[in-house]
Amino acid sequence: MKAFLKKFQTEDWVVFAAGAVILALTLACPRLMPKMPALLTSGGDFAAAGLMFLFVAAITVFCQYLLGKEKPFKVVLPLIAVFIISLLAQVVAQIGIIKEYGFEAVFFSVIFGLLIRNIWHVPDWMKPAVQGELYIKIGVVCLGATILFNDVMKSGMYGLLQACVVIFAVWFFAYFLSRKMGVDRSTAMILSSGVSICGVSACITASKVAGGDDKKLSYIISLVLIIVVPMIYLMPWLANTLLPLIFDDPQTVSEVAGAWIGGTIDTTSGVAASSEMLGPVAQSNAVIIKATQNVLIGVVAFFIALYMSTLTGTGKSQAPSLSIVWEKFPKFIIGFVLASLVFSIFQMNDLFVLGGSETKIAKTMSTVFFSLAFVCIGLDTRLKDIISKENRRSLWAFVAAQTFNIIFTLVVAVILFGFLKH
(Lines give C-alpha, C1' and ligand atoms only; values in the text may rest on other atoms or scores of the structure.)
Protein backbone atom coordinates (compact mmCIF):
# COMPACT_ATOMS: atom_id res chain seq x y z
CA MET A 1 0.00 0.00 0.00
CA LYS A 2 2.85 2.40 0.89
CA ALA A 3 4.52 1.71 -2.46
CA PHE A 4 1.26 2.57 -4.24
CA LEU A 5 0.80 5.83 -2.30
CA LYS A 6 4.45 6.72 -2.96
CA LYS A 7 3.58 7.11 -6.67
CA PHE A 8 1.36 10.05 -5.75
CA GLN A 9 4.04 11.77 -3.64
CA THR A 10 5.15 13.91 -6.56
CA GLU A 11 4.79 17.65 -7.04
CA ASP A 12 2.15 17.32 -9.76
CA TRP A 13 -0.16 15.15 -7.65
CA VAL A 14 0.43 17.29 -4.57
CA VAL A 15 -0.51 20.38 -6.60
CA PHE A 16 -3.61 18.52 -7.79
CA ALA A 17 -4.57 17.94 -4.13
CA ALA A 18 -3.79 21.53 -3.11
CA GLY A 19 -5.82 22.93 -6.01
CA ALA A 20 -8.71 20.61 -5.13
CA VAL A 21 -8.68 21.88 -1.53
CA ILE A 22 -8.64 25.54 -2.62
CA LEU A 23 -11.47 25.15 -5.14
CA ALA A 24 -13.55 22.92 -2.85
CA LEU A 25 -13.37 25.63 -0.18
CA THR A 26 -14.30 28.22 -2.82
CA LEU A 27 -17.45 26.27 -3.70
CA ALA A 28 -18.35 25.25 -0.14
CA CYS A 29 -17.77 28.51 1.73
CA PRO A 30 -17.04 31.34 -0.73
CA ARG A 31 -17.88 34.05 1.82
CA LEU A 32 -15.08 32.83 4.09
CA MET A 33 -12.35 32.82 1.45
CA PRO A 34 -9.65 35.47 1.93
CA LYS A 35 -9.52 38.46 -0.40
CA MET A 36 -6.49 40.24 -1.80
CA PRO A 37 -6.71 44.01 -1.26
CA ALA A 38 -6.15 46.17 -4.34
CA LEU A 39 -4.45 48.84 -2.24
CA LEU A 40 -3.11 49.15 1.31
CA THR A 41 -4.87 52.30 2.45
CA SER A 42 -6.70 51.11 5.57
CA GLY A 43 -6.49 48.74 8.50
CA GLY A 44 -9.02 46.50 6.77
CA ASP A 45 -6.72 46.19 3.74
CA PHE A 46 -3.80 45.09 5.92
CA ALA A 47 -6.06 42.61 7.75
CA ALA A 48 -7.24 41.14 4.44
CA ALA A 49 -3.63 40.80 3.27
CA GLY A 50 -2.76 39.06 6.54
CA LEU A 51 -5.60 36.55 6.12
CA MET A 52 -4.50 35.86 2.55
CA PHE A 53 -0.96 35.21 3.76
CA LEU A 54 -2.20 32.74 6.39
CA PHE A 55 -4.19 30.92 3.71
CA VAL A 56 -1.22 30.78 1.30
CA ALA A 57 1.09 29.65 4.13
CA ALA A 58 -1.34 26.87 5.10
CA ILE A 59 -1.49 25.62 1.49
CA THR A 60 2.31 25.76 1.21
CA VAL A 61 2.84 23.82 4.46
CA PHE A 62 0.20 21.31 3.30
CA CYS A 63 2.17 20.77 0.08
CA GLN A 64 5.49 20.45 1.95
CA TYR A 65 3.93 17.83 4.25
CA LEU A 66 2.51 15.78 1.36
CA LEU A 67 5.88 15.94 -0.41
CA GLY A 68 7.47 14.39 2.67
CA LYS A 69 9.61 17.37 3.66
CA GLU A 70 11.21 16.91 7.11
CA LYS A 71 10.32 20.36 8.46
CA PRO A 72 7.30 21.62 6.49
CA PHE A 73 6.79 24.66 8.75
CA LYS A 74 10.26 26.12 8.14
CA VAL A 75 8.95 27.61 4.88
CA VAL A 76 6.60 30.01 6.72
CA LEU A 77 9.10 32.67 7.84
CA PRO A 78 10.81 33.14 4.44
CA LEU A 79 7.39 33.02 2.77
CA ILE A 80 6.51 36.24 4.62
CA ALA A 81 9.22 38.05 2.66
CA VAL A 82 8.12 36.57 -0.68
CA PHE A 83 4.49 37.41 0.05
CA ILE A 84 5.31 41.03 0.95
CA ILE A 85 7.14 41.43 -2.37
CA SER A 86 4.20 39.96 -4.29
CA LEU A 87 1.78 42.18 -2.34
CA LEU A 88 3.84 45.22 -3.27
CA ALA A 89 3.68 44.15 -6.92
CA GLN A 90 -0.10 43.82 -6.64
CA VAL A 91 -0.43 47.32 -5.17
CA VAL A 92 1.87 48.91 -7.77
CA ALA A 93 -0.15 47.28 -10.58
CA GLN A 94 -3.27 49.04 -9.25
CA ILE A 95 -1.80 52.53 -9.51
CA GLY A 96 -3.96 54.53 -11.94
CA ILE A 97 -1.57 55.23 -14.81
CA ILE A 98 0.11 51.81 -14.55
CA LYS A 99 -3.25 50.02 -14.60
CA GLU A 100 -4.33 52.15 -17.58
CA TYR A 101 -1.29 51.01 -19.55
CA GLY A 102 -2.09 47.34 -18.91
CA PHE A 103 0.88 46.23 -16.80
CA GLU A 104 -0.14 43.33 -14.55
CA ALA A 105 1.01 42.27 -11.10
CA VAL A 106 3.07 39.34 -12.39
CA PHE A 107 5.23 41.78 -14.38
CA PHE A 108 6.19 43.73 -11.27
CA SER A 109 6.63 40.49 -9.32
CA VAL A 110 9.37 39.47 -11.76
CA ILE A 111 10.93 42.96 -11.76
CA PHE A 112 11.09 43.20 -7.96
CA GLY A 113 12.50 39.67 -7.68
CA LEU A 114 15.12 40.43 -10.33
CA LEU A 115 16.19 43.63 -8.55
CA ILE A 116 16.67 41.80 -5.25
CA ARG A 117 18.53 38.90 -6.88
CA ASN A 118 20.86 41.07 -8.93
CA ILE A 119 21.51 43.98 -6.56
CA TRP A 120 21.38 42.58 -3.02
CA HIS A 121 21.33 38.79 -3.63
CA VAL A 122 18.96 36.31 -1.97
CA PRO A 123 19.86 35.45 1.67
CA ASP A 124 20.03 31.77 2.60
CA TRP A 125 17.17 32.02 5.10
CA MET A 126 14.84 33.13 2.29
CA LYS A 127 15.64 30.30 -0.13
CA PRO A 128 13.21 27.65 1.27
CA ALA A 129 10.30 29.82 0.05
CA VAL A 130 11.70 30.24 -3.47
CA GLN A 131 9.43 27.61 -5.03
CA GLY A 132 8.31 29.14 -8.31
CA GLU A 133 7.28 25.90 -9.99
CA LEU A 134 5.03 24.81 -7.12
CA TYR A 135 3.19 28.14 -7.07
CA ILE A 136 2.84 28.29 -10.85
CA LYS A 137 1.21 24.86 -10.95
CA ILE A 138 -1.23 25.73 -8.14
CA GLY A 139 -2.08 28.93 -10.03
CA VAL A 140 -2.77 26.97 -13.22
CA VAL A 141 -5.19 24.61 -11.44
CA CYS A 142 -7.06 27.60 -9.95
CA LEU A 143 -7.08 29.23 -13.38
CA GLY A 144 -9.08 26.29 -14.72
CA ALA A 145 -12.05 27.35 -12.57
CA THR A 146 -12.19 30.70 -14.40
CA ILE A 147 -12.40 29.16 -17.88
CA LEU A 148 -16.05 28.29 -18.38
CA PHE A 149 -17.46 26.41 -21.34
CA ASN A 150 -20.52 28.65 -21.30
CA ASP A 151 -18.33 31.50 -22.57
CA VAL A 152 -17.74 29.53 -25.76
CA MET A 153 -21.48 29.28 -26.35
CA LYS A 154 -21.86 33.08 -26.11
CA SER A 155 -19.58 33.61 -29.09
CA GLY A 156 -21.45 31.03 -31.14
CA MET A 157 -20.10 29.15 -34.13
CA TYR A 158 -18.19 32.13 -35.52
CA GLY A 159 -16.27 32.87 -32.32
CA LEU A 160 -15.35 29.23 -31.78
CA LEU A 161 -14.33 28.84 -35.42
CA GLN A 162 -12.15 31.96 -35.25
CA ALA A 163 -10.51 30.80 -32.04
CA CYS A 164 -9.69 27.36 -33.50
CA VAL A 165 -8.42 28.67 -36.85
CA VAL A 166 -6.35 31.49 -35.36
CA ILE A 167 -4.81 29.40 -32.59
CA PHE A 168 -3.90 26.58 -34.99
CA ALA A 169 -2.39 28.82 -37.68
CA VAL A 170 -0.62 31.30 -35.40
CA TRP A 171 0.71 28.62 -33.05
CA PHE A 172 2.35 26.60 -35.84
CA PHE A 173 3.63 29.71 -37.63
CA ALA A 174 5.20 31.03 -34.42
CA TYR A 175 6.64 27.63 -33.50
CA PHE A 176 8.28 26.89 -36.84
CA LEU A 177 9.53 30.47 -37.20
CA SER A 178 11.04 30.34 -33.71
CA ARG A 179 12.77 27.04 -34.45
CA LYS A 180 14.12 28.42 -37.74
CA MET A 181 15.54 31.38 -35.81
CA GLY A 182 17.38 29.08 -33.40
CA VAL A 183 15.01 29.21 -30.41
CA ASP A 184 15.02 25.96 -28.40
CA ARG A 185 11.99 23.66 -28.55
CA SER A 186 10.42 24.33 -25.14
CA THR A 187 10.88 28.11 -25.39
CA ALA A 188 9.37 28.04 -28.89
CA MET A 189 6.32 26.26 -27.47
CA ILE A 190 5.95 28.83 -24.68
CA LEU A 191 6.29 31.71 -27.15
CA SER A 192 3.84 30.16 -29.62
CA SER A 193 1.23 29.53 -26.93
CA GLY A 194 1.55 33.07 -25.58
CA VAL A 195 1.09 34.69 -29.00
CA SER A 196 -1.69 32.41 -30.25
CA ILE A 197 -3.89 31.83 -27.17
CA CYS A 198 -3.91 34.29 -24.31
CA GLY A 199 -0.55 35.55 -23.18
CA VAL A 200 0.53 34.97 -19.59
CA SER A 201 -1.76 32.07 -18.67
CA ALA A 202 -0.99 30.15 -21.86
CA CYS A 203 2.77 30.77 -21.46
CA ILE A 204 2.69 29.41 -17.91
CA THR A 205 0.65 26.33 -18.83
CA ALA A 206 2.74 25.55 -21.92
CA SER A 207 5.96 25.98 -19.97
CA LYS A 208 4.99 23.45 -17.33
CA VAL A 209 3.82 20.96 -19.96
CA ALA A 210 6.83 21.40 -22.26
CA GLY A 211 9.36 21.40 -19.43
CA GLY A 212 10.44 24.97 -20.11
CA ASP A 213 13.07 26.86 -18.15
CA ASP A 214 11.56 29.30 -15.62
CA LYS A 215 14.06 32.01 -16.60
CA LYS A 216 12.99 31.80 -20.24
CA LEU A 217 9.35 31.73 -19.17
CA SER A 218 9.80 34.97 -17.25
CA TYR A 219 11.46 36.53 -20.30
CA ILE A 220 8.61 35.55 -22.66
CA ILE A 221 6.02 36.81 -20.18
CA SER A 222 7.91 40.09 -19.90
CA LEU A 223 7.73 40.38 -23.70
CA VAL A 224 3.98 39.69 -23.62
CA LEU A 225 3.33 42.34 -20.97
CA ILE A 226 5.56 44.96 -22.59
CA ILE A 227 4.36 44.52 -26.18
CA VAL A 228 0.69 44.51 -25.12
CA VAL A 229 1.00 48.16 -24.01
CA PRO A 230 1.44 49.74 -27.50
CA MET A 231 -1.06 47.23 -28.92
CA ILE A 232 -3.80 48.49 -26.59
CA TYR A 233 -3.67 51.82 -28.43
CA LEU A 234 -2.53 50.61 -31.85
CA MET A 235 -5.36 48.13 -32.43
CA PRO A 236 -8.31 50.58 -32.00
CA TRP A 237 -6.53 53.05 -34.31
CA LEU A 238 -6.00 50.35 -36.96
CA ALA A 239 -9.62 49.21 -36.61
CA ASN A 240 -10.97 52.76 -37.03
CA THR A 241 -8.66 53.34 -40.01
CA LEU A 242 -9.03 50.08 -41.98
CA LEU A 243 -12.44 48.56 -41.25
CA PRO A 244 -14.63 51.50 -42.45
CA LEU A 245 -12.89 51.09 -45.82
CA ILE A 246 -14.31 47.56 -46.02
CA PHE A 247 -17.73 47.85 -44.35
CA ASP A 248 -20.35 50.63 -44.34
CA ASP A 249 -22.40 49.31 -41.40
CA PRO A 250 -21.08 50.61 -38.03
CA GLN A 251 -22.45 47.51 -36.26
CA THR A 252 -20.42 45.25 -38.53
CA VAL A 253 -17.31 47.40 -38.05
CA SER A 254 -17.70 47.13 -34.26
CA GLU A 255 -18.17 43.36 -34.32
CA VAL A 256 -15.19 42.76 -36.61
CA ALA A 257 -13.05 45.17 -34.58
CA GLY A 258 -13.95 43.34 -31.37
CA ALA A 259 -13.16 39.96 -32.89
CA TRP A 260 -9.83 41.31 -34.20
CA ILE A 261 -8.79 42.81 -30.87
CA GLY A 262 -9.97 39.78 -28.88
CA GLY A 263 -7.91 37.50 -31.08
CA THR A 264 -4.66 39.48 -31.08
CA ILE A 265 -4.06 41.27 -27.77
CA ASP A 266 -2.46 38.78 -25.40
CA THR A 267 -3.97 39.71 -22.01
CA THR A 268 -7.63 39.78 -21.01
CA SER A 269 -7.22 43.13 -19.25
CA GLY A 270 -5.54 44.52 -22.37
CA VAL A 271 -8.42 43.28 -24.53
CA ALA A 272 -10.98 44.94 -22.25
CA ALA A 273 -9.09 48.25 -22.14
CA SER A 274 -8.40 48.39 -25.88
CA SER A 275 -11.88 47.38 -27.07
CA GLU A 276 -13.52 49.85 -24.65
CA MET A 277 -12.22 52.65 -26.91
CA LEU A 278 -14.46 51.33 -29.70
CA GLY A 279 -17.72 51.08 -27.76
CA PRO A 280 -19.80 48.41 -25.97
CA VAL A 281 -20.46 46.20 -29.03
CA ALA A 282 -16.76 45.89 -29.84
CA GLN A 283 -15.85 45.36 -26.19
CA SER A 284 -18.46 42.65 -25.65
CA ASN A 285 -17.35 40.78 -28.77
CA ALA A 286 -13.66 41.16 -27.92
CA VAL A 287 -13.98 39.86 -24.36
CA ILE A 288 -16.08 36.87 -25.46
CA ILE A 289 -13.60 35.99 -28.23
CA LYS A 290 -10.74 36.18 -25.73
CA ALA A 291 -12.65 33.96 -23.28
CA THR A 292 -13.26 31.45 -26.07
CA GLN A 293 -9.53 31.31 -26.80
CA ASN A 294 -8.82 30.90 -23.07
CA VAL A 295 -10.96 27.75 -22.99
CA LEU A 296 -8.61 26.13 -25.50
CA ILE A 297 -5.56 26.37 -23.22
CA GLY A 298 -6.20 22.86 -21.94
CA VAL A 299 -6.61 21.46 -25.46
CA VAL A 300 -3.31 22.95 -26.62
CA ALA A 301 -1.60 21.75 -23.42
CA PHE A 302 -2.80 18.21 -24.12
CA PHE A 303 -1.39 18.18 -27.65
CA ILE A 304 1.92 19.65 -26.46
CA ALA A 305 2.11 16.89 -23.84
CA LEU A 306 1.24 14.28 -26.47
CA TYR A 307 4.04 15.55 -28.71
CA MET A 308 6.56 15.71 -25.86
CA SER A 309 5.69 12.12 -24.94
CA THR A 310 6.98 10.97 -28.34
CA LEU A 311 10.48 12.34 -27.67
CA THR A 312 13.22 10.25 -26.14
CA GLY A 313 15.94 11.63 -23.90
CA THR A 314 18.04 12.34 -26.99
CA GLY A 315 15.28 14.46 -28.53
CA LYS A 316 14.49 11.85 -31.19
CA SER A 317 10.94 10.75 -31.91
CA GLN A 318 9.43 7.53 -30.66
CA ALA A 319 6.05 5.95 -31.26
CA PRO A 320 3.53 7.28 -28.72
CA SER A 321 1.69 4.88 -26.44
CA LEU A 322 -0.82 5.36 -23.65
CA SER A 323 1.73 4.40 -21.01
CA ILE A 324 4.32 6.89 -22.32
CA VAL A 325 1.72 9.67 -22.61
CA TRP A 326 0.52 9.01 -19.06
CA GLU A 327 4.05 8.86 -17.69
CA LYS A 328 5.07 12.18 -19.22
CA PHE A 329 1.74 13.99 -19.04
CA PRO A 330 1.78 16.74 -16.35
CA LYS A 331 -0.81 15.53 -13.86
CA PHE A 332 -1.65 19.00 -12.57
CA ILE A 333 -3.25 19.72 -15.98
CA ILE A 334 -5.90 17.14 -15.01
CA GLY A 335 -6.75 19.46 -12.12
CA PHE A 336 -6.97 22.40 -14.54
CA VAL A 337 -9.42 20.53 -16.81
CA LEU A 338 -11.52 19.15 -13.92
CA ALA A 339 -11.74 22.61 -12.35
CA SER A 340 -13.01 24.05 -15.62
CA LEU A 341 -15.53 21.22 -15.98
CA VAL A 342 -16.87 21.40 -12.41
CA PHE A 343 -17.18 25.19 -12.33
CA SER A 344 -18.82 25.16 -15.79
CA ILE A 345 -21.43 22.66 -14.53
CA PHE A 346 -22.07 24.82 -11.48
CA GLN A 347 -22.54 27.88 -13.69
CA MET A 348 -24.88 26.17 -16.16
CA ASN A 349 -27.07 24.81 -13.35
CA ASP A 350 -27.09 28.03 -11.26
CA LEU A 351 -25.50 26.23 -8.30
CA PHE A 352 -23.17 29.06 -7.28
CA VAL A 353 -23.95 30.43 -3.81
CA LEU A 354 -22.84 33.93 -4.78
CA GLY A 355 -24.25 33.89 -8.29
CA GLY A 356 -20.94 33.31 -10.05
CA SER A 357 -18.58 35.25 -7.83
CA GLU A 358 -16.88 31.94 -7.04
CA THR A 359 -15.06 32.18 -10.37
CA LYS A 360 -13.76 35.63 -9.33
CA ILE A 361 -12.47 34.09 -6.08
CA ALA A 362 -10.71 31.38 -8.09
CA LYS A 363 -9.24 34.08 -10.34
CA THR A 364 -7.94 35.92 -7.25
CA MET A 365 -6.30 32.72 -6.00
CA SER A 366 -4.74 32.11 -9.40
CA THR A 367 -3.37 35.67 -9.51
CA VAL A 368 -1.96 35.43 -5.97
CA PHE A 369 -0.10 32.19 -6.67
CA PHE A 370 1.15 33.42 -10.05
CA SER A 371 2.44 36.58 -8.39
CA LEU A 372 4.27 34.52 -5.75
CA ALA A 373 5.68 32.29 -8.48
CA PHE A 374 7.12 35.17 -10.44
CA VAL A 375 8.67 36.74 -7.38
CA CYS A 376 10.42 33.38 -6.93
CA ILE A 377 11.47 33.28 -10.59
CA GLY A 378 12.89 36.78 -10.32
CA LEU A 379 14.75 35.84 -7.13
CA ASP A 380 16.26 32.88 -8.97
CA THR A 381 17.27 34.67 -12.19
CA ARG A 382 20.40 36.57 -13.15
CA LEU A 383 19.88 39.50 -15.52
CA LYS A 384 22.86 38.30 -17.54
CA ASP A 385 20.76 35.28 -18.54
CA ILE A 386 17.84 37.49 -19.59
CA ILE A 387 19.87 39.51 -22.12
CA SER A 388 21.66 36.54 -23.65
CA LYS A 389 21.98 36.11 -27.43
CA GLU A 390 19.44 33.27 -27.39
CA ASN A 391 16.83 35.52 -25.76
CA ARG A 392 17.36 38.14 -28.45
CA ARG A 393 16.32 35.50 -30.97
CA SER A 394 13.16 34.96 -28.93
CA LEU A 395 12.45 38.70 -29.07
CA TRP A 396 12.56 38.87 -32.87
CA ALA A 397 10.59 35.62 -33.19
CA PHE A 398 7.92 37.03 -30.85
CA VAL A 399 7.63 40.30 -32.78
CA ALA A 400 7.42 38.50 -36.14
CA ALA A 401 4.82 36.04 -34.81
CA GLN A 402 2.71 38.84 -33.33
CA THR A 403 2.81 40.72 -36.64
CA PHE A 404 1.58 37.60 -38.44
CA ASN A 405 -1.10 37.20 -35.74
CA ILE A 406 -2.41 40.74 -36.34
CA ILE A 407 -2.64 40.29 -40.11
CA PHE A 408 -4.01 36.75 -40.11
CA THR A 409 -6.62 37.42 -37.40
CA LEU A 410 -7.82 40.50 -39.31
CA VAL A 411 -8.46 38.35 -42.40
CA VAL A 412 -10.29 35.68 -40.36
CA ALA A 413 -12.40 38.25 -38.43
CA VAL A 414 -13.37 40.07 -41.65
CA ILE A 415 -14.46 36.81 -43.31
CA LEU A 416 -16.35 35.36 -40.34
CA PHE A 417 -17.86 38.40 -38.63
CA GLY A 418 -17.96 40.72 -41.66
CA PHE A 419 -19.08 38.60 -44.59
CA LEU A 420 -20.42 35.25 -43.29
CA LYS A 421 -22.26 36.48 -40.19
CA HIS A 422 -23.87 39.41 -41.98
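Scope of the values below: all heavy atoms of this structure, side chains included, with no hydrogens, waters or symmetry mates.
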K.L.:
Report the distance from atom CD1 of Ile261 to atom OG of Ser274, rounding to the nearest 0.5 Å.
P.N.:
4.0 Å

K.L.:
Ignoring hydrogens, what is the shortest heavy-atom contact between Ala373 and Gly132? Give both atom names and the distance.
P.N.:
CB-O, 3.5 Å

K.L.:
Would you say the side-chain atoms of Ser371 pair up with the backbone N or O of Thr367, donor to acceptor, closer than 3.5 Å?
P.N.:
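Pair absent, no side-chain N/O of Ser371 close to backbone of Thr367.
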
K.L.:
For the NZ atom of Lys363 and the CG atom of Leu143, what is their distance to the nearest 0.5 Å?
P.N.:
6.0 Å

K.L.:
Within the 4.5 Å heavy-atom criterion, are Phe369 and Val56 side-chain neighbours or not?
P.N.:
yes

K.L.:
Testing the basics here: between Phe53 and Val76, what is the closest heavy-atom pair and its distance to 0.1 Å?
P.N.:
CZ-O, 3.9 Å

K.L.:
Examine distances only and state if a side-chain atom of Gln131 and a backbone atom of Cys376 form a donor-acceptor pair shorter than 3.5 Å.
P.N.:
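Side chain of Gln131 to backbone of Cys376: no pair is present.
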
K.L.:
Kindly indicate, with the supporting measurements, whether the criterion side-chain contact (heavy atoms from CB on, under 4.5 Å) is fulfilled by Leu88 and Phe108.
P.N.:
CA-CA 8 Å; Leu88 179 61; Phe108 293 102; over 6 Å; no

K.L.:
So do Val140 and Phe370 actually touch side chain to side chain, heavy atoms under 4.5 Å?
P.N.:
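Of all side-chain heavy-atom pairs linking Val140 with Phe370, at least one is under 4.5 Å.
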
K.L.:
With rounding to the nearest 0.5 angstrom, report the CE to CG distance, Met126 to Leu379.
P.N.:
4.5 Å

K.L.:
First locate atom CZ of Arg31, then atom CE of Met33, and finally report the distance between them rounded to the nearest 0.5 Å.
P.N.:
14.0 Å

K.L.:
Could you pull out every donor-acceptor pair under 3.5 Å between side chains of residues 170-183 and any protein atom, sequence neighbours left out?
P.N.:
{"residue": "Trp171", "atom": "NE1", "partner": "Ser193", "partner atom": "OG", "Å": "3.0"}
{"residue": "Ser178", "atom": "OG", "partner": "Ala174", "partner atom": "O", "Å": "2.7"}
{"residue": "Arg179", "atom": "NH1", "partner": "Val183", "partner atom": "O", "Å": "2.9"}

K.L.:
Do the side chain of Ser86 and the main chain of Phe83 share a donor and acceptor less than 3.5 angstrom apart?
P.N.:
yes

K.L.:
Nearest 0.5 Å please: distance from the CG atom of Leu338 over to the CZ atom of Phe343.
P.N.:
12.0 Å

K.L.:
Taking all non-hydrogen atoms of both residues, which atom of Leu191 and which atom of Ala401 are closest, and how far apart?
P.N.:
CD2-CB, 4.5 Å

K.L.:
Looking at residues at least two apart in the chain, or sitting in another chain, which of them share a side chain to side chain contact (heavy atoms under 4.5 Å, CB included) with Ser357?
P.N.:
Leu354

K.L.:
Would you check if Trp260 and Ile289 make a side-chain contact, meaning some heavy-atom pair closer than 4.5 Å?
P.N.:
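Result no, sub-4.5 Å side-chain heavy-atom pair not found.
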
K.L.:
Would a 4.5 Å heavy-atom cut-off, applied to side chains only, mark Leu372 and Ile138 as touching?
P.N.:
no

K.L.:
Hey, is the main chain of Leu416 close enough, under 3.5 Å, to the side chain of Gln162 for a donor-acceptor pair?
P.N.:
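Here the side-chain-to-backbone pair does not exist.
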
K.L.:
Is the shortest side-chain heavy-atom distance between Tyr219 and Thr187 below 4.5 Å?
P.N.:
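A side-chain contact under 4.5 Å is absent here.
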
K.L.:
Provide the closest heavy-atom pair for Val75 versus Val61 in the form atom of the first, atom of the second, distance.
P.N.:
CG1-CG2, 4.2 Å

K.L.:
What closest approach, in Å, do Ser394 and Ile220 show between heavy atoms, and which atom pair accounts for it?
P.N.:
CB-CD1, 4.1 Å

K.L.:
Looking at residues at least two apart in the chain, or sitting in another chain, which of them share a side chain to side chain contact (heavy atoms under 4.5 Å, CB included) with Asn349?
P.N.:
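Asn349 satisfies side chain to side chain contact (heavy atoms under 4.5 Å, CB included) with Ile345, Leu351 once adjacent residues are dropped.
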
K.L.:
Any donor-acceptor pair under 3.5 Å linking the side chain of Lys290 with the backbone of Ile265?
P.N.:
yes

K.L.:
Could you walk me through whether Phe55 and Ile22 satisfy the side-chain contact (heavy atoms from CB on, under 4.5 Å) test, starting with their C-alpha distance in whole Å, then the side-chain angles of each, then the deciding distance to 0.1 Å, before giving a yes or no?
P.N.:
CA-CA 9 Å; Phe55 184 83; Ile22 293 169; 4.0 Å; yes

K.L.:
Can you check whether Phe336's main-chain N or O pairs, donor with acceptor, with Ser340's side chain at less than 3.5 Å?
P.N.:
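No, because the side chain of Ser340 does not come within donor-acceptor range (under 3.5 Å) of the backbone of Phe336.
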
K.L.:
One pair to check against side-chain contact (heavy atoms from CB on, under 4.5 Å): Phe374 and Leu217. What are the steps and the verdict?
P.N.:
CA-CA 10 Å; Phe374 281 94; Leu217 170 61; 4.2 Å; yes

K.L.:
Starting from the C-alpha separation in whole Å, work towards a yes-or-no answer on side-chain contact (heavy atoms from CB on, under 4.5 Å) for Ile406 and Met231.
P.N.:
CA-CA 10 Å; Ile406 291 171; Met231 286 189 66; 3.9 Å; yes

K.L.:
Is any side-chain heavy atom of Asp266 less than 4.5 Å from a side-chain heavy atom of Gln402?
P.N.:
yes

K.L.:
Is any side-chain heavy atom of Leu238 closer than 4.5 Å to one of Leu410?
P.N.:
no

K.L.:
Do Thr60 and Tyr135 have side-chain N/O donor and acceptor atoms under 3.5 Å apart?
P.N.:
yes

K.L.:
Looking at Ser366 and Ala362, would you say the former's side chain and the latter's main chain have a donor-acceptor pair under 3.5 Å?
P.N.:
no

K.L.:
Below 4.5 Å, heavy atoms only, C-beta onward: do Ser196 and Asn405 meet side chain to side chain?
P.N.:
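No, too far: nothing below the 4.5 Å cut-off.
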
K.L.:
Check the surroundings of atom CH2 in Trp125: do more than 12 heavy atoms from other residues, nucleotides or ligands lie under 6.0 Å from it?
P.N.:
yes

K.L.:
To the nearest 0.5 Å, what is the distance between CG on Asn285 and CG on Leu278?
P.N.:
11.5 Å

K.L.:
Measure across Leu23 and Ala145 and return the closest heavy-atom pair with its distance rounded to 0.1 Å.
P.N.:
CD2-CB, 3.9 Å

